[in-house]
Student: 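Handing you this structure, nothing more for now.
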There are 4 protein chains.
Amino acid sequence: MKKNKPKYNQIIEAAVEVIAENGYHASQVSKIAKKAGVADGTIYLYFKNKEDILISVFEEKMGQFIAHITEAIENKNNADEKLFELIKLHFRQLSEDHHLAIVTQLELRQSNPSLRLQINNVLKPYLNVIDSIIKEGMQEEIFRNSLNVRLVRQMIFGTLDETVTNWVMKDRKYNLVEQATEVHTLLTEGLHSK
Amino acid sequence: MKKNKPKYNQIIEAAVEVIAENGYHASQVSKIAKKAGVADGTIYLYFKNKEDILISVFEEKMGQFIAHITEAIENKNNADEKLFELIKLHFRQLSEDHHLAIVTQLELRQSNPSLRLQINNVLKPYLNVIDSIIKEGMQEEIFRNSLNVRLVRQMIFGTLDETVTNWVMKDRKYNLVEQATEVHTLLTEGLHSK
Amino acid sequence: MKKNKPKYNQIIEAAVEVIAENGYHASQVSKIAKKAGVADGTIYLYFKNKEDILISVFEEKMGQFIAHITEAIENKNNADEKLFELIKLHFRQLSEDHHLAIVTQLELRQSNPSLRLQINNVLKPYLNVIDSIIKEGMQEEIFRNSLNVRLVRQMIFGTLDETVTNWVMKDRKYNLVEQATEVHTLLTEGLHSK
Amino acid sequence: MKKNKPKYNQIIEAAVEVIAENGYHASQVSKIAKKAGVADGTIYLYFKNKEDILISVFEEKMGQFIAHITEAIENKNNADEKLFELIKLHFRQLSEDHHLAIVTQLELRQSNPSLRLQINNVLKPYLNVIDSIIKEGMQEEIFRNSLNVRLVRQMIFGTLDETVTNWVMKDRKYNLVEQATEVHTLLTEGLHSK
DNA sequence: GATGAATGAGCATTCATTCAT
DNA sequence: CATGAATGAATGCTCATTCAT
């Protein structure tokens, strides 16, 4: 398994840094190789091509991201708490690794639609986590039982994603994690006064 | 005023089509020129460079998009109706011009960060429209008066954007406009059962 | 005769200025047209193509240059005085019109060899003037009678040309005309001590 | 040291030939690469850009040219003999490599002023050699002691340069080296009969 | 004669990928 | 396994010239 070899991870880490620092289009394979301390050709012993590096970056990082969230919400008692935890961790993890935040929110979106499809596959487990929270909430009758799961998931993910993107584009000038409570309330209570 | 000259619009329309059909990175200037029925050099009488074509496409189309929505919600009686109208028109306009939908939801996101800043400027008036609806809703006491306008706007825009992007990525297999009511309810009522 | 029409001269004068200010390769036809106050297309009513403008510039200016020198040396009594007068006027005329000096010494040399051949034709009457001074000097027995006219002419012209070019390249920081006496002595007396 | 690699020299030699045969402006990088037997991209492993090829051509060739002359005049006994040797070698070296002669006398002069400055730097050691001969001649009292070194150098270099250029432009129809004696006499004895 | 909008050929340079060592 | 020199396809933009008005 190539993924356990040290150079594989060196290249992944180098790629995140290079992309975050230089932007997607200025991230030549040779630059990643240099930062990883390997020869250009060595890259191709571990990755099929440049696109494969990007997908792998996302897979590795997103895998950890999701594993972390999945684990954390297991202990929570109900859908409401789980949703809140998911929001907090979504924000916290990207706050703590701003290179990763730049790469996921800005740079990776510059890829072509075919690459984006693959990225969506990587994202799917995360969307499934969101879906299961929604379903659990309906079962627990904490959430309304008539919810369209797909639409709700798009609202939740769209809101989180847009919030993080704005924060990155505003140069991370404010505290993202502090927004979690308010975002949670908005999603659960809606805009209407009662 | 160059924008009134017919070739300007020919090029804009050609650009939308070419980008939607071929993707951003496979959209050579020569391809756009050919589709527009002008010489390559003519492009540069109307646009500073290739990036300028993209920005102009977005400006023109987004300008109409916003103008249409702004006008339509003027007649509505309260924030709730305005928000609903905005959602419907956001969905309807992109439904009716699927080339434009592809370009705005997928291709334009491949641009570099500098271009994205300019795109954000074009988007700003639209976000302002959303903001004013939120503020009006608070004044009318239809919406809760403690809302964080920026966060709410991010929730609304993020939800609409994610919804349209998913619809485009699913090859527009279902009716987008029909989702408007449900999305409106989700945004205003939230997830919680009452 | 086109040369008597005012626009012809406007274009010639504009061309000298534009080339001197921007350099040969940055001197687009449109720039010359603008400075001359005519439309781009109008240039082509007076000149066959861009190269023709350059040749005409050189013809016009060199014509005056030679006419002036020819006239001035007519009154001189012998070859020695004529040579001295030629040196002085060569230096003085280029000193007094530094745009022309830049164009003839630097910019026009960037032209292609075919153009350079035509420029040499324009130069020929000037070289003939030098030749006739040499021949006269031999007849008058002021100059040695065994001189190879072509070589002497190359020495004289080469020396003047190199001197002016150096002066232009040194940003005309010293007085060129003051060098005339010394150059004349060098050419006539040579390097050897007697 | 890149200059010792065979491809570096292959490209230099190819560039001289291509420029001499096609002229400066018709010498595409791809043409040079083809003649050198390397890929287009390989050029850029050895040279910064197209202009850098030209400067390097001149540096390499002029370096040899000057080294050869410097070495040869070392053994000569006085300034007079040294000057004569310099003239002979200047003519002989360009005679023997007519591609180089075309490039230095015609094609390289088409370069822009910025490039010309760099070429002048390459030329400087040669001008210094000429200067030192002049100074030695004055010390040895072979040359007049009141000579203006700069002007004399301009006379010598200007004469040689103009002589070679004429010979190239006349398609090298006569023997250049045979002119050396006469040119030497002209420079040292001047035009005046004694 | 005069205009200036339109034309379209032409080219330096980058960089992902390969493969001989 | 690892290297890094070599490859060569691919494209945005300029500007001299034309010609309908």
Side-chain angles (χ1 to χ4, degrees), chain A residues 2 5-8 11 25-34 36-54, chain B residues 2 5-8 10-11 25-34 36-53, chain C residues 2 5-8 11 25-34 36-54, chain D residues 2 5-8 10-11 25-34 36-53:
Chain A
K2 279 180 176 170
K5 305 226 174 150
K7 297 209 172 171
Y8 177 88
I11 294 167
H25 280 114
S27 293
Q28 297 86 341
V29 171
S30 60
K31 227 179 236 170
I32 296 172
K34 196 171 185 181
V38 301
D40 293 15
T42 305
I43 299 269
Y44 291 86
L45 299 173
Y46 294 90
F47 300 91
K48 219 169 75 247
N49 50 35
K50 190 183 178 183
E51 199 166 82
D52 189 30
I53 306 175
L54 293 171
Chain B
K2 275 182 177 168
K5 302 211 179 162
K7 302 219 166 167
Y8 178 87
Q10 279 171 43
I11 295 167
H25 281 113
S27 293
Q28 297 89 336
V29 172
S30 59
K31 228 180 237 171
I32 297 173
K34 198 169 183 180
V38 300
D40 291 16
T42 305
I43 299 270
Y44 293 88
L45 297 176
Y46 295 91
F47 302 91
K48 221 169 72 252
N49 50 36
K50 191 182 176 182
E51 195 166 85
D52 190 30
I53 304 175
Chain C
K2 277 177 176 172
K5 305 227 175 149
K7 298 210 172 171
Y8 177 87
I11 296 167
H25 281 114
S27 294
Q28 298 86 341
V29 171
S30 60
K31 227 179 236 170
I32 295 173
K34 196 170 185 183
V38 301
D40 292 15
T42 304
I43 298 269
Y44 291 86
L45 299 174
Y46 294 90
F47 300 91
K48 217 168 78 250
N49 51 34
K50 190 184 178 183
E51 199 166 82
D52 190 29
I53 305 176
L54 293 171
Chain D
K2 276 182 177 171
K5 302 212 178 162
K7 301 218 169 168
Y8 177 87
Q10 278 171 43
I11 295 167
H25 281 113
S27 293
Q28 297 88 338
V29 171
S30 60
K31 226 179 240 173
I32 296 173
K34 197 169 185 183
V38 300
D40 292 16
T42 304
I43 298 270
Y44 293 87
L45 297 176
Y46 295 91
F47 300 92
K48 223 170 70 250
N49 50 36
K50 191 182 176 183
E51 195 168 83
D52 190 30
I53 305 176

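It should be emphasised that the depicted structure is a prediction, and the values quoted were computed from it without experimental measurement. Order of the sequence lines fixes the chain letters, A, B, ..., with proteins taken first and strands second; residue numbering starts at 1 for each chain.
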Student: With a 4.0 Å cutoff (strictly under), does any side-chain N or O of Y44(B) reach OP1 or OP2 of dG8(E)?
Tutor: no
Student: Round to the nearest Å and state the distance from F47(D) atom CZ to dA6(F) atom C1'.
Tutor: 15 Å
Student: Which residue, V38(A) or S30(C), contacts DNA chain F at a nucleotide closer to its 5' end, judged by nearest heavy atom?
Tutor: V38(A)
Student: Of all heavy-atom pairs between I11(C) and I32(C), which one has the smallest distance, and what is that distance?
Tutor: O-CG2, 4.0 Å
Student: In Å and rounded to the nearest 0.5 Å, what is the CD1 to NZ distance from I53(D) to K48(D)?
Tutor: 11.5 Å
Student: Report each atom pair, protein N/O against N/O of nucleotides 9-11 of chain E, whose distance is under 3.5 angstrom.
Tutor:
{"residue": "dC11(E)", "atom": "OP1", "partner": "Q28(D)", "partner atom": "NE2", "Å": "2.8"}

Student: Starting from C1' on dG4(E), measure out to CG on L45(C) and report it in whole angstrom.
Tutor: 12 Å
Student: In whole Å, I'd like the distance from the CD1 atom of I32(C) to the C1' atom of dC15(F).
Tutor: 12 Å
Student: Do you know the tightest heavy-atom contact between Y44(B) and V29(B)?
Tutor: OH-CG2, 3.7 Å
Student: Which dot-bracket string describes DNA chain F (Watson-Crick N1-N3 plus N6-O4 or O6-N4, or G-U N1-O2 and O6-N3, all under 3.5 Å; [ ] crossing; | other strand)?
Tutor: .||||||||||||||||||||
Student: How many Å lie between NZ on K34(A) and P on dA2(F), as a whole number?
Tutor: 20 Å
Student: For N49(A) and N49(D), take the nucleotide of DNA chain E holding the closest heavy atom to each; which residue's nucleotide lies nearer the 5' end?
Tutor: N49(D)
Student: Need to verify one output field. Residue with the more 5' nearest nucleotide on DNA chain F, A39(D) or K48(C)?
Tutor: A39(D)
Student: Nearest whole Å is fine: how far is dT13(E) C1' from I43(D) CD1?
Tutor: 12 Å
Student: Checking K7(C) now: which residues fulfil side chain to side chain contact (heavy atoms under 4.5 Å, CB included) with it, not counting sequence neighbours?
Tutor: Q10(C), V38(C), T42(C), Y46(C)
Student: Mind checking side chain to side chain contact (heavy atoms under 4.5 Å, CB included) for E51(C) and listing every partner two or more places apart, or none if nothing turns up?
Tutor: N49(C), I55(C), N112(C), S114(C), L115(C), Q118(C)
Student: Indicate whether OP1 or OP2 belonging to dA5(F) is found under 4.0 Å from a side-chain N or O atom of K7(D).
Tutor: no
Student: Residues in side chain to side chain contact (heavy atoms under 4.5 Å, CB included) with K31(A), at least two apart?
Tutor: V18(A), N22(A), A26(A), Q28(A)
Student: From CD1 of I11(C) over to C1' of dG1(E), roughly how many Å is that when rounded to an integer?
Tutor: 12 Å
Student: Between Y46(D) (OH) and dT13(E) (P), how many Å, whole number?
Tutor: 18 Å
Student: Look at the side-chain N and O atoms of T42(D) and state whether any lies under 4.0 Å from the OP1 or OP2 oxygen of dA6(F).
Tutor: no
Student: Rounded to whole angstrom units, what separation is found between the CD atom of E51(A) and the C1' atom of dC15(E)?
Tutor: 16 Å
